[in-house]
Amino acid sequence: MHAVVLGIGNTILTDEAAGVRAVEALELAFKMPAEVQLIDGGTSGMEMIEDLSNLDFLIVIDVVRTGAAAGTVVKISGDQIPVFFRSKLSPHQIGLPDVLASLELLDTMPKEIVVLGVEPISLELGMEMTPAIAETIPQLVEMAVAELVSRGYALEPLTAQVA
């Protein structure tokens with residue numbers, strides 16, 4: 001069973017960096033089994049097709065706009081996924097929906113997709129996330145770990161505490 005945890009976001013737009021920072025934190029905190037790949041997708045688009053083809057499980061970590069209060073952490077899965085990708089909830093959804101549509105046309109769509117996200121406070125130009133969004137990174141990491149473990153992936157902690 002092959003899985004990918006994909007962190008997407010623009011690291012020069014304050015809270016937009018949350019997905020990338022969560023994948024970085026996950027990489028520092030856990031040794032992944034061979035069948036789990038961590039990808040810093042940045043603002044990538046169609047160049048991700050090969051990495052996302054024929055997966056058993058895809059976790060996307062990103063900032064999302066669902067109408068919840070800023071700083072709210074959300075999980076989108078199951079029947080919510082097609083609805084999520086029809087609405088522009090993430091600033092870089094131009095790339096990911098196109099990639100997923102292409103995967104569907106190629107009949108290489110991931111078998112299961114979960115989106116873990118946080119409502120941004122700021123998407124202004126800046127290298128630092130707002131403190132409230134930065135504080136959600138450990139929670140996003142824990143959620144990703146829980147999703148992987150619940151599907152039988154064995155993660156090995158590298159540190160005593162997720163940073």
Side-chain angles (χ1 to χ4, degrees), residues 1-11 13-44 48 50-66 68-85 89-93 95-97 99-100 103 108-121 128-163:
M1 287 188 34
H2 188 67
V4 165
V5 180
L6 173 66
I8 54 180
N10 190 330
T11 58
L13 296 178
T14 55
D15 295 341
E16 236 313 91
V20 170
R21 299 297 179 232
V23 166
E24 290 171 351
L26 188 58
E27 187 171 35
L28 292 172
F30 292 91
K31 180 178 185 216
M32 294 292 137
E35 63 271 13
V36 176
Q37 183 180 5
L38 302 178
I39 298 176
D40 170 351
T43 57
S44 300
M48 293 188 296
E50 188 174 326
D51 290 327
L52 303 182
S53 290
N54 295 311
L55 297 176
D56 294 296
F57 186 42
L58 171 62
I59 298 175
V60 177
I61 307 177
D62 196 3
V63 294
V64 295
R65 292 186 185 273
T66 64
T72 301
V73 174
V74 298
K75 173 184 170 182
I76 300 165
S77 62
D79 293 340
Q80 298 170 311
I81 291 292
V83 174
F84 169 75
F85 287 112
L89 301 179
S90 168
H92 25 69
Q93 267 194 275
L96 194 56
V99 170
L100 294 176
L103 292 171
T108 59
M109 187 77 157
K111 292 180 181 131
E112 183 181 9
I113 302 172
V114 170
V115 176
L116 303 176
V118 60
E119 290 276 351
I121 293 171
E128 299 294 324
M129 290 184 290
T130 59
I133 301 306
E135 289 172 11
T136 69
I137 299 303
Q139 183 180 354
L140 290 167
V141 168
E142 288 173 19
M143 291 170 71
V145 168
E147 293 292 334
L148 290 167
V149 169
S150 73
R151 286 161 181 83
Y153 297 100
L155 281 61
E156 183 181 326
L158 294 175
T159 59
Q161 179 179 344
V162 175

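Values below: every heavy atom of this structure, side chains too, minus hydrogens, waters and symmetry copies. Predicted model, so just to flag it, every value in this text is computed and none were measured. Throughout, numbering of the chain's residues begins at 1 and tracks the sequence.
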Can you name the closest pair of heavy atoms from [X] and [Y] and give their distance?
X	Y	result
I76	I81	O-CD1, 3.4 Å
D62	E16	OD1-OE1, 4.4 Å
A70	P120	CB-O, 3.6 Å
V141	A25	CG2-CB, 3.7 Å
S77	V114	CB-CG2, 4.0 Å

Who passes side chain to side chain donor-acceptor pair (under 3.5 Å) against [X], sequence neighbours left out?
X	value
K31	none
T11	none
D51	none

Atom pair [atom1] ([X]) and [atom2] ([Y]), whose distance is rounded to the nearest 0.5 Å:
X	Y	atom1	atom2	result
H2	L55	NE2	CG	5.5 Å
L58	I113	CG	CD1	5.5 Å
E128	R21	CD	CZ	8.0 Å
M129	T14	CE	OG1	9.5 Å
M48	I8	CE	CD1	6.0 Å
L26	M143	CG	CE	13.0 Å

E24, CD: over 12 other non-hydrogen atoms inside 6.0 angstrom: yes
With sequence neighbours excluded, residues passing side chain to side chain contact (heavy atoms under 4.5 Å, CB included) with L103: I49, L52, S53, V99, L100, T108, M109, P110
For V118, all residues meeting side chain to side chain contact (heavy atoms under 4.5 Å, CB included), sequence neighbours excluded: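 By the side chain to side chain contact (heavy atoms under 4.5 Å, CB included) rule, V118 matches A18, V63, V73, I133, T136, L140.
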Residues 144-158 side chain polar contacts: donor-acceptor under 3.5 Å, at least two apart:
| unit_1 | atom_1 | unit_2 | atom_2 | d |
| --- | --- | --- | --- | --- |
| E147 | OE1 | R151 | NH1 | 2.7 |
| E147 | OE1 | R151 | NH2 | 3.2 |
| E147 | OE2 | K75 | NZ | 2.8 |
| S150 | OG | A146 | O | 3.2 |
| S150 | OG | E147 | O | 2.9 |
| R151 | NE | E112 | OE1 | 2.9 |
| R151 | NE | E112 | OE2 | 3.3 |
| R151 | NH1 | E147 | O | 2.8 |
| R151 | NH2 | E112 | OE2 | 2.6 |

